[in-house]
Amino acid sequence: MLTVTGLTKSYGKEIILDDVTFTMNPGERTGFTGRNGSGKTTLLRLIVGEEEADSGTISMPRGYTVSYLSQHIRFTEKTVLKEACANMHVSDDGRDETYRVKSILLGLGFSPSRFDFDPRMLSGGYQVRLNLAKILVSEPNLLLLDEPTNYLDIVSIRWLIHSCVPGKTRLSS
């Protein structure tokens, strides 16, 4: 559960968020809409702690994990598959769970022939999809997507809607 109470944020004299209050329960999917500059991205950055609010509180249970799909892309591995596995939690029994990573990559539109590509050689859209795959592999409690339709086609959007772990919360702007 995510609870935002009385959140206010301004830049100089321009008030971006003014006394924002809401609660999101597990399994809810919420979308924020509004014109550019209305505070959607600012709200997401506040939730993940990239920015600080002028006032108000953001609270969530201890151990609650939040992942934010940032547009800043950085890769450390030499192949798409290895990069997608970078955030994977190792199972308690030591099983290889790369099948789950491959399933996520396939759902996001990667063909198996691209699993061995250097991530830096992918188009910008596929680089963002790879970052999304890394986040999905880590199974966060809350997934924050900033303008998700900018980099996903309709097939990938449908897959994402139907495949994410039940009971997890998603918030997008």
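The residues of the chain are indexed from 1 along the displayed sequence. Any value given below was found using the heavy atoms of this structure, including those in side chains, with hydrogens, waters and symmetry copies removed.
- A salt bridge links E139 and R100; the closest N-O separation between the charged side-chain nitrogens and carboxylate oxygens is under 4.0 Å.
- Here CD of E77 is found 10.5 Å from CG of L130. Values are rounded to the nearest 0.5 Å.
- In this structure, the side chains of C85 and V137 stay at 4.5 Å or more apart for every pair of heavy atoms.
- Tracing side-chain contacts under 4.5 Å through hydrophobic residues (I, L, V, M, F, W, Y), one never reaches I104 starting from I154; they form parts of separate clusters.
- A side-chain donor-acceptor contact under 3.5 Å links T8 to the backbone of D19.
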(message) I'd like to know whether D146 forms a side chain to side chain contact (heavy atoms under 4.5 Å, CB included) with Y68, so could you lay out the CA-CA distance, the side-chain angles of the two residues, the decisive distance to 0.1 Å, and finally the verdict.
(response) CA-CA 8 Å; D146 195 355; Y68 174 55; 3.4 Å; yes

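- Only one option out of K134, K78, Q127 pairs with E83 in a side-chain hydrogen bond (donor to acceptor under 3.5 Å, both in side chains); it is K134.
- Minimum heavy-atom separation, L136 to W159: CD1-CZ3, 3.8 Å.
- When side chains are defined from C-beta on, L46 counts as touching L17, because their heavy atoms get closer than 4.5 Å.
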(request) Carefully, step by step, assess L69 and I135 under the rule side chain to side chain contact (heavy atoms under 4.5 Å, CB included). (result) CA-CA 7 Å; L69 184 60; I135 289 171; 3.8 Å; yes

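- Using modelled atom types, no side-chain atom of T98 and backbone atom of V101 make a donor-acceptor pair closer than 3.5 Å.
- Rounding to the nearest 0.5 angstrom, the gap separating the CG atom in D116 from the CZ atom in R114 is 13.0 Å.
- In terms of heavy atoms, E51 sits closest to K9 at OE1-CE, 3.5 Å.
- Looking at heavy atoms from C-beta onward, F75 lies in side-chain contact with N131 at the 4.5 angstrom threshold.
- Shown here for A53 and L7, the closest heavy-atom pair between the two residues is CB-CD1, 3.4 Å.
- Each of V128 and V155 belongs to its own hydrophobic cluster when Ile, Leu, Val, Met, Phe, Trp and Tyr are linked at side-chain heavy-atom distances under 4.5 angstrom.
- In this structure, the separation between OG on S111 and CG on L105 is 10.0 Å, given to the nearest 0.5 Å.
- Proximity of the aromatic rings of Y126 and F110 is defined here by a centroid distance below 6.0 angstrom, and this criterion is met.
- Ion pairing of R129 with D153 is present here, as a side-chain N (NZ or NE/NH1/NH2) and a carboxylate O approach within less than 4.0 Å.
- The shortest side-chain heavy-atom distance between S10 and I16 does not fall under the 4.5 Å cut-off.
- Within the 4.5 Å cutoff, the side chain of L145 has heavy atoms near those of the L132 side chain.
- Contact annotation: the side chain of M1 never approaches that of M24 to less than 4.5 Å [non-hydrogen atoms, C-beta and beyond].
- For I58 against M60, the heavy-atom pair with the smallest separation is CG2-CE, 4.1 Å.
- For the 3.5 Å distance criterion, the side chains of T57 and S59 fail to qualify, holding no donor opposite an acceptor.
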(request) Check step by step if side chain to side chain contact (heavy atoms under 4.5 Å, CB included) holds for D18 and I15. (result) CA-CA 7 Å; D18 187 18; I15 298 171; 3.8 Å; yes

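- Within 6.0 Å of the CZ atom in R158, the count of heavy atoms belonging to other residues, nucleotides or ligands does not exceed 12.
- Side chains of L106 and P112 form a contact here, defined as non-hydrogen atoms less than 4.5 Å apart.
- Here the side chain of K102 pairs no donor or acceptor atom with the backbone of F115 at under 3.5 angstrom.
- Listed here is the closest heavy atom pair of V20 and V4: O-CG1, 3.6 Å.
- Just one residue in the list I47, L43, T41 forms a side chain to side chain contact (heavy atoms under 4.5 Å, CB included) with R45, and that residue is T41.
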(request) Might you work through the side chain to side chain contact (heavy atoms under 4.5 Å, CB included) test for L142 and T65, ending with a clear yes or no? (result) CA-CA 6 Å; L142 175 62; T65 56; over 6 Å; no

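- Contact annotation: the side chain of N141 never approaches that of V66 to less than 4.5 Å [non-hydrogen atoms, C-beta and beyond].
- Across every non-hydrogen atom of E28 and T23, the tightest pair is OE1-O, 3.8 Å.
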